[in-house]
Amino acid sequence: MTGTSFDDHERERWAGRAAAYERTFARLCAYPAGALLDAAGAGAGMRVLDVGTGPGTVAALAAGRGATVVAVDAEASMLAGARRAVPGARLAHAVLPHLPVATGGVDAAVANFVLNHVGDPAAAVAELARTVRPGGRIAATVWPWPQPPLQRLWGEVFADVDGGELPRLAAERDFPRTEKGLTGLLAEAGLDDVRCRTLTWTHRADPDEWWTGPASGLGIPGLLLERQLPATREALRRRYLELSARYRDADGLLALPTAALLACAVVR
């Protein structure tokens with residue numbers, strides 16, 4: 001087990017679900033990869049740490065730029081996918097805030113949608129900064145609040161569901177999911193030249209395929225769905241199809257507006 005009950009929930013939620021993630025939400029999370037590496041200044045000849053690498057999307061892009069890549073993840077099934085995607089990377093199992101990287105051992109560290117999956121975001125940022133040499137950069141993405149339409153759709157689908165107690169980050173460890181809030185989190189870690197911007201895009205997906213994310217147990221929607229009786233699950237699927245219809249294009253695919261916060265900073 002890890003540091004907090006929230007961390008323990010995350011380990012349980014993602015255990016063995018790499019294949020389901022790759023089939024559904026991975027392409028959504030891949031969108032900021034290039035901008036994330038740009039913000040970290042990651043390029044040829046650099047040592048780049050990719051924390052929470054998942055199936056290796058960001059790590060593979062960094063390797064394609066000529067970087068030497070160290071990639072870590074807390075989930076063994078994710079690392080198996082990353083090995084296929086980035087065979088030349090050094091891969092390791094690791095759970096924030098404890099990384100198997102020497103202090104100042106890399107030139108840049110990136111974390112794509114990772115800080116929203118840890119029980120102590122401030123400690124996670126401090127550990128990211130520890131691994132980067134002075135003058136190097138870190139960059140991170142998180143989902144914003146208020147939620148954009150893509151994420152808000154799930155809230156609408158499950159609005160009337162009694163899912164029992166849901167895992168929540170301890171209030172004293174949380175931070176506002178806004179540009180100001182993410183900037184503050186990095187600044188409090190003692191980082192310099194902290195910047196944050198909002199990325200927006202439209203994610204396209206087949207409606208039935210998109211439903212397989214929750215149906216495979218991914219995220220809070222997956223947890224809520226698992227807790228329902230079969231008849232309720234089917235009713236929720238029908239509700240999803242009804243509510244998502246307003247996002248369907250002429251080709252039948254969903255066009256879901258979404259956004260992410262991208263922050264970067266320099267290590268002292």
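- Ring pair Trp143/Phe113 is parallel by interplanar angle, where below 30° counts as parallel and above 60° as perpendicular.
- The closest donor-acceptor contact from the side chain of Tyr240 to the backbone of Phe158 lies at 3.5 Å or more, if one exists at all.
- Remark: the backbone N or O of Gly119 is paired with a side-chain donor or acceptor of Asp7 at under 3.5 angstrom.
- With sequence neighbours excluded, the residues satisfying side-chain hydrogen bond (donor to acceptor under 3.5 Å, both in side chains) with Arg130 are Thr103, Glu127.
- If you check the side chains of Asp8 and Ser5, you find no donor sitting under 3.5 Å from an acceptor.
- The ring pair (Phe, Tyr, Trp, His ring centres under 6.0 Å) check on Trp14 picks up Tyr21, His117, with sequence neighbours excluded.
- Using a cut-off of 4.0 Å between Lys/Arg side-chain N and Asp/Glu carboxylate O, Arg17 and Glu10 are scored as not salt-bridged.
- Between Asp251 and Arg248 there is no salt bridge, since none of the side-chain N atoms of the basic residue sits less than 4.0 Å from a carboxylate O of the acidic one.
- Ion pairing between Arg137 and Asp107 fails under the 4.0 Å rule for side-chain N and carboxylate O.
- Residues Leu182 and Leu115 have side chains in contact (heavy-atom distance under 4.5 Å, counting atoms from C-beta outward).
- Contact of the His203 side chain with the Trp201 side chain is registered, since non-hydrogen atoms from C-beta on lie closer than 4.5 Å.
- The side-chain heavy atoms of Thr53 and Val72, taken from C-beta on, include no pair separated by under 4.5 Å.
- Closest heavy-atom contact between Gly213 and Phe25: CA-CZ, 3.8 Å.
- Considering all non-hydrogen atoms of both residues, Ala62 and Leu37 come closest at N-CD1, 3.6 Å.
- Between the side chain of Asp249 and the main chain of Gly252, no donor-acceptor pair closer than 3.5 Å is present.
- One finds the OG atom of Ser244 at 11.5 Å from the CZ atom of Arg239 (value rounded to the nearest 0.5 Å).
- Looking only at distances, a side-chain donor or acceptor of Arg246 sits under 3.5 Å from a matching main-chain atom of Leu243.
- With Arg47 contributing its side chain and Gly105 its backbone, the two residues share a donor-acceptor pair below 3.5 Å.
- The backbone N or O of Leu224 lies less than 3.5 Å from a partner atom in the side chain of Gln228, making a donor-acceptor pair.
- Looking only at distances, a side-chain donor or acceptor of His93 sits under 3.5 Å from a matching main-chain atom of Ala74.
- Remark: the Thr198 side chain and the Glu179 side chain contain an N/O donor-acceptor pair separated by less than 3.5 Å.
- Looking at every heavy atom in both residues, Thr200 comes nearest to Tyr31 through O-OH, 3.9 Å.
- Residue Gly52 comes nearest to Asp73 through the heavy atom pair C-OD2, 3.2 Å, listed as atom of the first residue, atom of the second, then distance.
- The backbone N or O of Ala265 lies less than 3.5 Å from no partner atom in the side chain of Arg195, so there is not a single donor-acceptor pair.
- Here Leu262 contributes atom CG and Leu199 contributes atom CG; the two are 5.0 Å apart, rounded to the nearest 0.5 Å.
- The residues Arg227 and Asp162 are annotated as not salt-bridged, no charged nitrogen and carboxylate oxygen being separated by less than 4.0 angstrom.
- To the nearest 0.5 Å, the span separating CG on Leu261 from NZ on Lys180 amounts to 14.5 Å.
- In this structure, the side chain of Thr178 engages the main chain of Gly181 through a donor-acceptor pair within 3.5 Å.
- Applying the side-chain hydrogen bond (donor to acceptor under 3.5 Å, both in side chains) test to pairs two or more places apart or on separate chains, those with a residue in residues 33-42 are Asp38-Arg65.
- When side chains are defined from C-beta on, Leu150 counts as touching Leu28, because their heavy atoms get closer than 4.5 Å.
- With a 4.5 Å cut-off on side-chain heavy atoms, Glu12 and Leu223 do not count as touching.
- Within the 4.5 Å cutoff, the side chain of Val70 has no heavy atoms near those of the Asp50 side chain.
- The neighbour count for Arg152 CZ, taken as heavy atoms of other residues, nucleotides or ligands under 6.0 Å away, is above 12.
- Met46 and Leu128 end up in different hydrophobic clusters when Ile, Leu, Val, Met, Phe, Trp and Tyr side chains are linked at under 4.5 Å.
- Contact detail for Val86 and Ala59: the closest heavy-atom pair is CG2-CB, 3.8 Å.
- Heavy-atom contacts from other residues, nucleotides or ligands closer than 6.0 Å to CD of Glu165 number 12 or fewer.
- Residues Leu241 and Asp208 meet the side-chain proximity criterion, which asks for heavy atoms closer than 4.5 Å.
- Using a 4.5 Å heavy-atom threshold, the side chains of Trp211 and Leu225 count as touching.
- Interatomic distance, CG of Leu254 versus CH2 of Trp210, reported as 9.0 Å (0.5 Å rounding).
- Side-chain contact check for Asn112 and Thr141: at least one donor-acceptor pair (N or O, by modelled atom type) lies under 3.5 Å.
- A donor-acceptor contact shorter than 3.5 Å links the side chain of Glu75 to the backbone of Gly16.
- Heavy atoms only, all atoms of each residue included: Ala129 and Leu191 are closest at CB-CD2, 3.8 Å.
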